[in-house]
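This report concerns only the one structure given below.
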Amino acid sequence: MNFLIKIEDAINNLIILIFKKLKILIPHFILDLLPQIKKIFKIIIQFFLLKLQNLKSLLISFLGILKLKLTSGLGHFTELAIFLKSDQFKNHKYDLIIQFAQDLKRRPFFYLSRLMITGFVSFISFYIFRTANTVYIATLKTRSPASALTAEYVNENQIELKNHKFEIAVKAAGGHGGGGAAHHEEEVIFDIKIEATSEKQKEILEQMEEKLDVELEAFEFNISAVPIGKEEITANEKELLLYLNKEFSHIAHGNIIKSLSLKQIFKGRPEYYDRIEKTYSMKDLSLQIFLEDSTHNRQISFDYSLIASNRNIVLYFKEHEDKIRDRLSTQIEPVVPQLPIEDEGRSIIKEKIRLELNSLLKEEKIEGSVLEVYLDYIIGS
């Protein structure tokens with residue numbers, strides 16, 4: 001124990017001796033400057049703290065003045081709104097307009113300066129907003145991944161990639177005589193759920209989202225048919241998990257992904273699916289149009305077609321064509337404000353047909369609706 005104490009004392013004495021030697025080697029004016037340098041740093045810090053306090057006070061004053069101006073402006077607008085609703089304005093509005101015109105003639109530069117200031121402030125505000133919006137949109141675009149990949153953060157350590165599209169080479173059965181298997185490309189859509197091994201590893205995946213997207217596109221799926229069977233999906237999940245952990249190993253320093261699951265998403269039917277079966281046409285529909293600005297009525301004849309949401313609606317319309325003609329003849333005529341062969345009148349007729357037929361379907365308790373109406377032919381007399 002005494003031996004260890006002696007060693008500690010010897011080390012302390014050696015350190016003191018080294019500092020004494022260094023002090024001898026350092027010029028005296030440097031040692032004299034150290035308190036001054038310390039004092040200068042203290043003055044600089046106090047200066048910045050004072051300026052910061054002054055800046056804080058200036059900001060508080062600015063916010064107070066801005067709040068006061070906004071409150072005053074709101075009060076003026078409220079006063080103006082009350083005045084415009086008052087009986088004084090309603091009874092003497094023409095006199096006030098004449099008085100304002102006289103005042104404008106007497107002080108044109110006053111009103112011109114106010115108008116110019118208002119226009120300048122409005123232009124600057126619009127320009128600043130447009131520039132900020134452009135920068136914001138550009139920033140989002142530069143940070144988004146290359147493909148149409150949408151990330152949804154489900155819980156603490158999970159990331160879900162929605163509707164990720166892959167061009168996959170589907171392997172067909174081999175030909176006769178041991179020939180090689182033929183391949184063809186299929187577009188397959190997956191929802192990919194990834195669970196990171198820790199919160200830190202999840203942050204890495206979020207930061208490296210573009211690399212994750214690239215590695216997913218580079219992975220070669222082993223698929224023999226579409227739709228994909230459960231066994232093949234399970235096998236590809238294991239291979240993809242190993243592949244991604246290997247590609248991220250130099251960044252994450254270990255396995256970055258704990259588990260991974262694939263869910264195939266099937267494409268919906270195209271919009272034009274069964275379009276012919278959902279289309280209904282009616283010809284030679286005549287309507288009497290009564291115009292407000294005329295003492296006589298006008299007649300139009302037209303053919304129209306419509307697209308329904310299902311085939312049952314078309315079957316109903318074909319079986320009840322007389323009911324549809326009566327309905328349209330009695331309901332359309334009051335709504336056309338001008339000659340219906342013009343664009344406005346055509347639009348009103350199409351919308352009115354759609355609304356009336358949908359009302360009829362609702363009354364008859366038929367599921368579905370009329371989606372679009374087209375005027376194939378129209379003539380007015």
Side-chain angles (χ1 to χ4, degrees), residues 47-153 206-207 209-210 291-294 334-352 354-355 371-373 375:
F47 173 78
F48 278 109
L49 289 176
L50 181 62
K51 290 296 182 182
L52 183 63
Q53 188 67 27
N54 292 337
L55 182 63
K56 184 178 179 182
S57 301
L58 183 63
L59 181 61
I60 293 173
S61 301
F62 172 75
L63 292 176
I65 294 172
L66 180 63
K67 185 178 179 181
L68 177 62
K69 295 296 183 182
L70 290 175
T71 305
S72 301
L74 182 61
H76 289 307
F77 278 114
T78 305
E79 183 181 358
L80 178 62
I82 294 173
F83 175 70
L84 293 176
K85 293 180 180 179
S86 64
D87 295 334
Q88 180 183 359
F89 176 76
K90 293 178 181 178
N91 297 331
H92 304 284
K93 55 184 176 182
Y94 296 109
D95 297 336
L96 292 172
I97 293 173
I98 294 172
Q99 182 180 355
F100 174 75
Q102 292 174 350
D103 191 33
L104 178 63
K105 184 178 180 180
R106 189 173 65 256
R107 297 190 301 168
F109 293 106
F110 173 78
Y111 289 102
L112 181 62
S113 63
R114 293 296 187 271
L115 182 62
M116 291 179 64
I117 292 172
T118 304
F120 178 75
V121 171
S122 301
F123 173 76
I124 292 297
S125 302
F126 171 75
Y127 182 77
I128 292 174
F129 172 77
R130 189 180 66 175
T131 304
N133 188 53
T134 304
V135 172
Y136 173 72
I137 294 174
T139 303
L140 289 180
K141 289 183 177 179
T142 55
R143 295 183 63 185
S144 61
S147 72
L149 176 64
T150 304
E152 178 181 342
Y153 305 115
E206 293 173 355
Q207 295 169 3
E209 191 172 330
E210 187 171 352
L291 304 180
E292 296 178 359
D293 58 349
S294 177
V335 300
V336 181
Q338 58 184 359
L339 191 62
I341 60 175
E342 298 181 5
D343 291 339
E344 182 184 1
R346 293 168 66 94
S347 299
I348 292 174
I349 289 178
K350 289 192 292 184
E351 183 64 15
K352 185 63 175 176
R354 191 181 69 84
L355 293 175
L371 303 178
E372 296 287 343
V373 175
L375 291 181

Open item on the list: I'd like to check the side chain to side chain contact (heavy atoms under 4.5 Å, CB included) partners of L371; sequence neighbours left out, ordered by chain and number.
Closed with: S309, S369

Open item on the list: Run the salt bridge (Lys or Arg N to Asp or Glu O under 4.0 Å) test against E351 and tell me which residues pass, sequence neighbours left out.
Closed with: R354

TODO: Applying side chain to side chain contact (heavy atoms under 4.5 Å, CB included), name anything that partners I124, two or more places apart in sequence or on another chain.
DONE: F120, I128

Task: Those residues that, when tested against Q207, pass side-chain hydrogen bond (donor to acceptor under 3.5 Å, both in side chains) (two or more places apart) - done: none

- [ ] With sequence neighbours excluded, tell me which residues meet side chain to side chain contact (heavy atoms under 4.5 Å, CB included) with R107.
- [x] D103, F110, Y111

